[in-house]
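One structure is given below, encoded as structure tokens.
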Amino acid sequence: MSTSTSPTTVPEARARIDEINERVVELLAERQAIVDALCELKADADRTVRDPEREAELLAHVRSVADEAGLPPTLAETLFEEILAHSVERQRRQRADGAAGPSAKESSAEEPADKATGAVSTCGAQA
């Protein structure tokens with residue numbers, strides 16, 4: 001199905017939306033894998049999980065990109081605030097798990113996501 005033409009039927013429009021949703025989820029999974037790697041790098045460099053300056057730059061950038069794309073900047077900002085909150089929480093959990101060693105329950109709960117991304121959650125083991 002071509003992405004350059006407008007859908008002409010409701011089923012076609014829904015199929016295109018489903019394809020886009022799948023791509024968005026795949027990109028979020030890819031981003032999460034990079035966040036896991038970043039967590040390791042931050043731990044190795046003895047850096048904090050949060051970087052408010054970087055977060056502000058990211059939000060300003062996504063607002064600008066959204067505006068250029070004809071998307072409401074507040075929508076993009078709201079979505080990325082949620083993505084950032086998830087990333088920060090994930091990094092904090094990884095550091096806590098790496099420092100104390102994950103319990104069997106925590107390990108099995110994290111295992112499917114790690115298998116999906118190929119990432120190893122040992123962030124903070126050295127910190």
Side-chain angles (χ1 to χ4, degrees):
M1 197 175 290
S2 174
T3 58
S4 62
T5 60
S6 294
T8 58
T9 66
V10 170
E12 184 179 316
R14 287 180 176 163
R16 295 264 307 274
I17 288 171
D18 290 345
E19 290 172 4
I20 292 167
N21 290 345
E22 288 177 19
R23 290 193 335 241
V24 169
V25 170
E26 289 168 357
L27 288 170
L28 286 171
E30 181 179 349
R31 186 185 193 285
Q32 182 173 280
I34 294 169
V35 166
D36 291 347
L38 177 61
C39 184
E40 291 282 348
L41 294 169
K42 287 178 180 178
D44 289 345
D46 199 29
R47 295 183 64 172
T48 61
V49 167
R50 299 246 3 242
D51 183 345
E53 185 176 317
R54 166 65 179 147
E55 292 173 18
E57 289 171 3
L58 182 147
L59 292 173
H61 180 71
V62 298
R63 285 182 62 85
S64 174
V65 170
D67 191 44
E68 290 173 18
L71 186 70
T74 54
L75 173 61
E77 183 175 31
T78 299
L79 291 170
F80 274 87
E81 285 173 339
E82 185 65 27
I83 291 167
L84 283 171
H86 178 271
S87 294
V88 166
E89 181 57 30
R90 182 171 176 89
Q91 289 180 66
R92 286 182 174 154
R93 273 195 326 265
Q94 285 178 285
R95 285 202 179 186
D97 289 349
S103 70
K105 181 178 179 183
E106 292 167 332
S107 180
S108 64
E110 291 292 325
E111 192 173 336
D114 292 340
K115 284 183 179 179
T117 63
V120 177
S121 294
T122 58
C123 180
Q126 303 88 358

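The model shown is predicted, which means the values in this text are computed figures rather than measured ones.
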Would you indicate whether the side-chain heavy atoms of [Y] and [X] approach each other to under 4.5 Å?
X     : Y     : result
Leu27 : Arg31 : no
Leu59 : Leu84 : yes
Thr74 : Arg63 : yes

(Q) Applying a strict under-4.5 Å side-chain criterion to I, L, V, M, F, W and Y, I'd like to know whether Val62 and Leu28 cluster together. (A) yes

Q. Should Phe80 and Val24 be counted in the same cluster of Ile, Leu, Val, Met, Phe, Trp and Tyr side chains packed under 4.5 Å apart?
A. yes

Let me confirm one number: the [atom1]-[atom2] distance from [X] to [Y], rounded to the nearest 0.5 Å.
X     : Y     : atom1 : atom2 : value
Leu79 : Leu71 : CG    : CG    : 8.0 Å
Gln94 : Glu89 : CD    : CD    : 10.5 Å
Arg95 : Glu40 : CZ    : CD    : 9.5 Å
Asn21 : Arg14 : CG    : CZ    : 12.5 Å
Glu77 : Asp67 : CD    : CG    : 12.5 Å

Q | Side chain Lys42, main chain Val49, donor-acceptor under 3.5 Å | A | yes

Q: Give a yes or no on whether the backbone of Ile83 and the side-chain of Ser87 come within a donor-acceptor separation of less than 3.5 Å.
A: yes

Q. Of Arg50, Glu55, Glu57, which meets side-chain contact (heavy atoms from CB on, under 4.5 Å) against Glu53?
A. Glu57

Q: Taking all heavy atoms of Ser6 and all of Glu12, pick out the closest pair and write down the distance.
A: O-OE2, 3.9 Å

